[in-house]
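Here is the structure we will look at, set down as C-alpha coordinates.
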Amino acid sequence: MKNFLHDLQTAVSFLTRLPMPHPEGAQPSNFTRCAWLFPLVGAAIGAIVATVNLGLRAVNVPGIAAAALSLGFGALLTGALHEDGLADVADGFGGGKDRNAKLEIMRDSRLGTYGALILMVVFATKASAIAAAPGEMSVRGLIAAHALSRGVLPLMRLTLGPARTDGLAASAGTPNVRVATAAGLLALAIGFLALRWQLALAAVLLVGGCVSVMVWIARRQIGGLTGDVLGGTQQVCETTILLLIAASH
(Lines give C-alpha, C1' and ligand atoms only; values in the text may rest on other atoms or scores of the structure.)
Protein backbone atom coordinates (compact mmCIF):
# COMPACT_ATOMS: atom_id res chain seq x y z
CA MET A 1 0.00 0.00 0.00
CA LYS A 2 2.87 2.37 0.79
CA ASN A 3 4.41 1.80 -2.64
CA PHE A 4 1.03 2.27 -4.30
CA LEU A 5 0.47 5.63 -2.61
CA HIS A 6 4.03 6.65 -3.36
CA ASP A 7 3.62 5.76 -7.03
CA LEU A 8 0.23 7.46 -7.22
CA GLN A 9 1.63 10.65 -5.72
CA THR A 10 4.48 10.68 -8.23
CA ALA A 11 2.21 9.94 -11.20
CA VAL A 12 -0.23 12.70 -10.21
CA SER A 13 2.56 15.22 -9.67
CA PHE A 14 3.99 14.45 -13.12
CA LEU A 15 0.78 14.31 -15.16
CA THR A 16 -1.04 17.22 -13.48
CA ARG A 17 -0.37 20.56 -11.84
CA LEU A 18 -2.08 19.56 -8.62
CA PRO A 19 0.02 20.41 -5.56
CA MET A 20 1.67 17.09 -4.74
CA PRO A 21 4.99 17.87 -3.01
CA HIS A 22 7.44 15.02 -3.15
CA PRO A 23 10.34 14.62 -0.70
CA GLU A 24 12.75 13.50 -3.42
CA GLY A 25 12.22 16.41 -5.77
CA ALA A 26 10.89 16.68 -9.31
CA GLN A 27 12.13 13.27 -10.48
CA PRO A 28 12.08 10.81 -7.55
CA SER A 29 13.55 7.33 -7.53
CA ASN A 30 10.20 5.70 -8.31
CA PHE A 31 9.57 7.87 -11.38
CA THR A 32 9.92 4.98 -13.83
CA ARG A 33 7.99 2.55 -11.64
CA CYS A 34 5.00 4.88 -11.20
CA ALA A 35 4.25 4.74 -14.94
CA TRP A 36 1.93 1.77 -14.37
CA LEU A 37 -0.54 4.20 -12.77
CA PHE A 38 -0.62 6.60 -15.72
CA PRO A 39 -3.94 5.12 -17.00
CA LEU A 40 -5.60 5.59 -13.59
CA VAL A 41 -4.50 9.21 -13.35
CA GLY A 42 -5.55 9.68 -16.97
CA ALA A 43 -9.02 8.29 -16.22
CA ALA A 44 -9.34 10.76 -13.35
CA ILE A 45 -8.35 13.63 -15.64
CA GLY A 46 -10.91 12.49 -18.20
CA ALA A 47 -13.60 12.28 -15.52
CA ILE A 48 -12.86 15.82 -14.37
CA VAL A 49 -12.98 17.19 -17.91
CA ALA A 50 -16.26 15.31 -18.48
CA THR A 51 -17.75 16.71 -15.27
CA VAL A 52 -16.92 20.27 -16.31
CA ASN A 53 -18.44 19.61 -19.74
CA LEU A 54 -21.67 18.20 -18.29
CA GLY A 55 -21.90 21.02 -15.77
CA LEU A 56 -21.66 23.62 -18.52
CA ARG A 57 -24.22 21.80 -20.64
CA ALA A 58 -26.54 21.68 -17.63
CA VAL A 59 -26.63 25.49 -17.52
CA ASN A 60 -27.40 25.65 -21.26
CA VAL A 61 -23.94 26.49 -22.52
CA PRO A 62 -23.87 25.42 -26.21
CA GLY A 63 -22.33 22.01 -26.76
CA ILE A 64 -19.28 23.14 -28.74
CA ALA A 65 -18.56 25.96 -26.28
CA ALA A 66 -18.93 23.62 -23.30
CA ALA A 67 -16.54 21.16 -24.91
CA ALA A 68 -13.99 23.87 -25.69
CA LEU A 69 -14.13 25.29 -22.17
CA SER A 70 -13.82 21.84 -20.60
CA LEU A 71 -10.78 21.12 -22.79
CA GLY A 72 -9.30 24.42 -21.68
CA PHE A 73 -9.85 23.46 -18.06
CA GLY A 74 -8.19 20.11 -18.74
CA ALA A 75 -5.15 21.89 -20.20
CA LEU A 76 -4.91 24.01 -17.05
CA LEU A 77 -5.17 20.87 -14.93
CA THR A 78 -2.31 19.14 -16.77
CA GLY A 79 -0.24 22.21 -17.54
CA ALA A 80 -0.79 21.44 -21.24
CA LEU A 81 1.99 18.87 -20.83
CA HIS A 82 1.07 16.70 -23.80
CA GLU A 83 -0.20 19.55 -25.97
CA ASP A 84 3.21 21.18 -25.65
CA GLY A 85 4.84 17.95 -26.79
CA LEU A 86 2.56 17.70 -29.81
CA ALA A 87 3.36 21.28 -30.87
CA ASP A 88 7.11 20.72 -30.48
CA VAL A 89 6.94 17.54 -32.55
CA ALA A 90 5.05 19.32 -35.33
CA ASP A 91 7.50 22.22 -35.35
CA GLY A 92 10.57 19.98 -35.24
CA PHE A 93 9.48 17.35 -37.74
CA GLY A 94 7.92 19.91 -40.05
CA GLY A 95 10.62 22.60 -39.94
CA GLY A 96 13.94 20.83 -39.36
CA LYS A 97 16.18 19.99 -42.30
CA ASP A 98 18.03 17.16 -40.57
CA ARG A 99 18.00 15.19 -37.32
CA ASN A 100 20.01 17.70 -35.31
CA ALA A 101 17.95 20.63 -36.57
CA LYS A 102 14.73 18.83 -35.71
CA LEU A 103 15.91 18.09 -32.16
CA GLU A 104 17.07 21.68 -31.71
CA ILE A 105 13.73 23.07 -32.84
CA MET A 106 11.93 20.70 -30.48
CA ARG A 107 13.97 22.14 -27.59
CA ASP A 108 12.92 25.68 -28.49
CA SER A 109 10.12 26.89 -26.21
CA ARG A 110 8.75 29.21 -28.89
CA LEU A 111 5.68 28.10 -30.85
CA GLY A 112 6.09 27.85 -34.61
CA THR A 113 3.65 27.70 -37.49
CA TYR A 114 3.39 23.91 -37.63
CA GLY A 115 2.88 23.70 -33.87
CA ALA A 116 0.17 26.35 -33.88
CA LEU A 117 -1.64 24.65 -36.74
CA ILE A 118 -1.59 21.19 -35.19
CA LEU A 119 -2.84 22.54 -31.87
CA MET A 120 -5.74 24.31 -33.57
CA VAL A 121 -6.65 21.23 -35.60
CA VAL A 122 -6.50 18.87 -32.62
CA PHE A 123 -8.36 21.22 -30.29
CA ALA A 124 -11.14 21.83 -32.82
CA THR A 125 -11.39 18.11 -33.56
CA LYS A 126 -11.62 17.12 -29.90
CA ALA A 127 -14.14 19.85 -29.08
CA SER A 128 -16.35 18.85 -32.01
CA ALA A 129 -16.16 15.17 -31.09
CA ILE A 130 -17.06 15.80 -27.44
CA ALA A 131 -19.96 18.06 -28.44
CA ALA A 132 -21.28 15.45 -30.87
CA ALA A 133 -21.37 12.64 -28.29
CA PRO A 134 -24.42 12.22 -26.02
CA GLY A 135 -23.92 13.25 -22.39
CA GLU A 136 -23.23 9.86 -20.84
CA MET A 137 -21.20 8.70 -23.80
CA SER A 138 -19.02 11.81 -23.68
CA VAL A 139 -18.18 10.95 -20.08
CA ARG A 140 -17.34 7.34 -20.90
CA GLY A 141 -15.39 8.41 -23.98
CA LEU A 142 -13.29 10.97 -22.15
CA ILE A 143 -12.41 8.51 -19.38
CA ALA A 144 -11.44 5.82 -21.87
CA ALA A 145 -9.54 8.22 -24.14
CA HIS A 146 -7.44 9.69 -21.34
CA ALA A 147 -6.70 6.29 -19.81
CA LEU A 148 -5.83 4.41 -23.00
CA SER A 149 -3.76 7.23 -24.47
CA ARG A 150 -1.55 7.32 -21.36
CA GLY A 151 -1.46 3.58 -20.80
CA VAL A 152 0.43 2.98 -24.04
CA LEU A 153 3.26 5.41 -23.25
CA PRO A 154 5.32 2.98 -21.11
CA LEU A 155 4.86 0.30 -23.78
CA MET A 156 5.95 2.75 -26.46
CA ARG A 157 9.02 3.63 -24.43
CA LEU A 158 10.05 -0.03 -24.52
CA THR A 159 9.91 -0.21 -28.31
CA LEU A 160 12.25 2.68 -29.11
CA GLY A 161 15.21 4.19 -27.31
CA PRO A 162 15.77 7.90 -26.63
CA ALA A 163 16.78 10.15 -29.52
CA ARG A 164 19.21 12.13 -27.37
CA THR A 165 21.34 11.39 -24.33
CA ASP A 166 19.70 14.11 -22.24
CA GLY A 167 16.10 15.23 -21.93
CA LEU A 168 13.11 13.60 -20.25
CA ALA A 169 12.99 10.38 -22.28
CA ALA A 170 16.65 9.66 -21.51
CA SER A 171 16.86 10.86 -17.90
CA ALA A 172 13.61 9.19 -16.82
CA GLY A 173 14.90 5.75 -17.74
CA THR A 174 13.07 2.89 -19.38
CA PRO A 175 10.20 1.20 -17.52
CA ASN A 176 10.69 -2.52 -17.19
CA VAL A 177 8.41 -5.02 -18.91
CA ARG A 178 6.37 -5.58 -15.76
CA VAL A 179 5.62 -1.87 -15.33
CA ALA A 180 4.77 -1.42 -19.01
CA THR A 181 2.56 -4.51 -19.01
CA ALA A 182 0.76 -3.38 -15.85
CA ALA A 183 0.10 0.01 -17.44
CA GLY A 184 -1.28 -1.62 -20.57
CA LEU A 185 -3.51 -4.01 -18.66
CA LEU A 186 -4.83 -1.26 -16.40
CA ALA A 187 -5.60 0.89 -19.44
CA LEU A 188 -7.41 -2.04 -21.07
CA ALA A 189 -9.46 -2.66 -17.93
CA ILE A 190 -10.53 0.98 -17.73
CA GLY A 191 -11.31 1.11 -21.44
CA PHE A 192 -13.49 -1.99 -21.35
CA LEU A 193 -15.24 -0.83 -18.18
CA ALA A 194 -15.99 2.58 -19.66
CA LEU A 195 -17.12 1.45 -23.12
CA ARG A 196 -19.08 -1.45 -24.53
CA TRP A 197 -16.69 -4.15 -25.58
CA GLN A 198 -16.98 -3.64 -29.35
CA LEU A 199 -16.19 0.06 -29.02
CA ALA A 200 -13.41 -0.57 -26.52
CA LEU A 201 -11.81 -3.12 -28.83
CA ALA A 202 -11.98 -0.68 -31.74
CA ALA A 203 -10.39 2.00 -29.55
CA VAL A 204 -7.56 -0.34 -28.56
CA LEU A 205 -6.88 -1.25 -32.18
CA LEU A 206 -6.86 2.40 -33.21
CA VAL A 207 -4.47 3.28 -30.40
CA GLY A 208 -2.19 0.47 -31.47
CA GLY A 209 -2.20 1.85 -35.00
CA CYS A 210 -1.50 5.40 -33.83
CA VAL A 211 1.42 4.26 -31.68
CA SER A 212 2.88 2.21 -34.52
CA VAL A 213 2.73 5.19 -36.88
CA MET A 214 4.25 7.56 -34.32
CA VAL A 215 7.09 5.12 -33.57
CA TRP A 216 7.78 4.76 -37.30
CA ILE A 217 7.78 8.54 -37.84
CA ALA A 218 9.99 9.21 -34.81
CA ARG A 219 12.48 6.56 -35.91
CA ARG A 220 12.72 8.05 -39.40
CA GLN A 221 12.79 11.67 -38.28
CA ILE A 222 15.08 11.66 -35.23
CA GLY A 223 16.10 8.04 -34.66
CA GLY A 224 14.30 7.60 -31.34
CA LEU A 225 11.91 9.00 -28.79
CA THR A 226 11.79 12.22 -26.81
CA GLY A 227 9.36 13.36 -24.15
CA ASP A 228 7.73 15.50 -26.83
CA VAL A 229 7.11 12.45 -29.03
CA LEU A 230 5.47 10.65 -26.11
CA GLY A 231 3.29 13.69 -25.39
CA GLY A 232 2.38 14.06 -29.04
CA THR A 233 1.43 10.39 -29.20
CA GLN A 234 -0.88 10.80 -26.23
CA GLN A 235 -2.68 13.65 -28.00
CA VAL A 236 -3.01 11.72 -31.26
CA CYS A 237 -4.42 8.68 -29.45
CA GLU A 238 -6.82 10.74 -27.33
CA THR A 239 -8.14 12.60 -30.37
CA THR A 240 -8.59 9.40 -32.36
CA ILE A 241 -10.59 7.73 -29.58
CA LEU A 242 -12.86 10.76 -29.15
CA LEU A 243 -13.51 10.77 -32.90
CA LEU A 244 -14.39 7.08 -32.70
CA ILE A 245 -16.86 7.75 -29.87
CA ALA A 246 -18.50 10.59 -31.79
CA ALA A 247 -18.69 8.56 -35.01
CA SER A 248 -20.33 5.63 -33.25
CA HIS A 249 -23.39 7.67 -32.24
Side-chain angles (χ1 to χ4, degrees), residues 14-17 26-27 31-32 35 38 42 45 71-72 74-76 78-127 145-146 148-176 179-180 183-184 206-243:
F14 175 66
L15 293 176
T16 76
R17 290 298 177 264
Q27 192 165 303
F31 184 74
T32 302
F38 281 6
I45 294 170
L71 286 173
L76 289 175
T78 63
L81 175 67
H82 302 306
E83 289 86 351
D84 179 68
L86 177 66
D88 286 343
V89 167
D91 281 334
F93 290 4
K97 294 182 179 180
D98 54 35
R99 176 181 180 276
N100 290 334
K102 294 175 192 296
L103 288 171
E104 188 61 31
I105 290 172
M106 290 167 70
R107 277 193 187 279
D108 195 333
S109 60
R110 291 172 295 181
L111 181 63
T113 302
Y114 289 107
L117 283 172
I118 195 67
L119 287 178
M120 286 190 291
V121 169
V122 166
F123 188 89
T125 301
K126 289 196 291 187
H146 281 268
L148 288 168
S149 62
R150 287 171 174 84
V152 296
L153 300 184
L155 293 167
M156 185 178 180
R157 182 65 181 82
L158 283 178
T159 66
L160 194 60
R164 52 166 72 101
T165 56
D166 57 349
L168 179 61
S171 62
T174 304
N176 59 41
V179 169
L206 282 174
V207 166
C210 289
V211 170
S212 298
V213 170
M214 290 297 289
V215 166
W216 178 77
I217 292 174
R219 183 181 286 114
R220 286 180 58 88
Q221 292 284 327
I222 56 175
L225 292 178
T226 66
D228 289 331
V229 173
L230 292 171
T233 300
Q234 187 278 327
Q235 283 292 290
V236 170
C237 291
E238 178 189 330
T239 305
T240 302
I241 295 172
L242 291 175
L243 275 175

### Message
Show the nearest heavy-atom pair for residues Leu158 and Pro175, with the distance to one decimal.
### Response
CD2-O, 2.9 Å
### Query
Rounded to the nearest 0.5 Å, what separation is found between the CD atom of Gln234 and the CG atom of Leu148?
11.0 Å
### Query
Got Val211 and Cys237 here, is their nearest side-chain heavy-atom distance under 4.5 Å?
yes
Sequence neighbours left out, cut at 3.5 Å: what donor-acceptor pairs do the side chains of residues 217-224 make with other protein atoms?
residue: Gln221; atom: OE1; partner: Lys102; partner atom: NZ; Å: 2.8

### Message
I'd like to know whether Met156 forms a side chain to side chain contact (heavy atoms under 4.5 Å, CB included) with Val215, so could you lay out the CA-CA distance, the side-chain angles of the two residues, the decisive distance to 0.1 Å, and finally the verdict.
### Response
CA-CA 8 Å; Met156 185 178 180; Val215 166; 3.8 Å; yes
### Task
Return the minimal non-hydrogen interatomic distance between Gly184 and Leu155, and the atom names on each side.
CA-CD1, 4.1 Å
## Note on the structure
Minimal heavy-atom distance between Ile45 and Thr78, with the atoms involved, is CD1-CG2, 3.8 Å
### Closest approach of Gly95 to Ile105 (non-hydrogen atoms, all atoms of both residues)
C-CD1, 3.7 Å
### Query
What do the steps show when you test Leu119 against Leu111 for side chain to side chain contact (heavy atoms under 4.5 Å, CB included), and what is the final call?
CA-CA 10 Å; Leu119 287 178; Leu111 181 63; 4.3 Å; yes
#### Entry: Separation of Leu86 CG from Asp91 CG (nearest 0.5 Å)
9.5 Å
### Query
Do other residues, nucleotides or ligands put more than 12 heavy atoms under 6.0 Å from the CZ atom of Phe123?
yes
### Task
May I ask you to decide if Asp228's main-chain N or O and Asp88's side chain share a donor-acceptor pair within less than 3.5 Å?
no
### Closest approach of Ala183 to Gly151 (non-hydrogen atoms, all atoms of both residues)
CB-O, 3.8 Å
### Query
Can you name the closest pair of heavy atoms from Ile118 and Ala90 and give their distance?
CG2-CB, 3.6 Å
### Glu238 and its side-chain hydrogen bond (donor to acceptor under 3.5 Å, both in side chains) partner, picked from Arg150, Lys126, His82
Lys126
### Query
For the residue pair Phe31 and Phe14, does the interplanar ring angle fall in the parallel (under 30°), tilted (30 to 60°) or perpendicular (over 60°) class?
perpendicular
### Query
Can you tell me if Arg157 uses its side chain to pair, donor with acceptor, with the backbone of Leu153 under 3.5 Å?
no
### Intermediate values then yes/no, side chain to side chain contact (heavy atoms under 4.5 Å, CB included), Ile241 and Leu206
CA-CA 7 Å; Ile241 295 172; Leu206 282 174; 5.7 Å; no
### Task
Could you go through the side chain to side chain contact (heavy atoms under 4.5 Å, CB included) check for Val179 and Thr32 one step at a time?
CA-CA 8 Å; Val179 169; Thr32 302; 5.6 Å; no
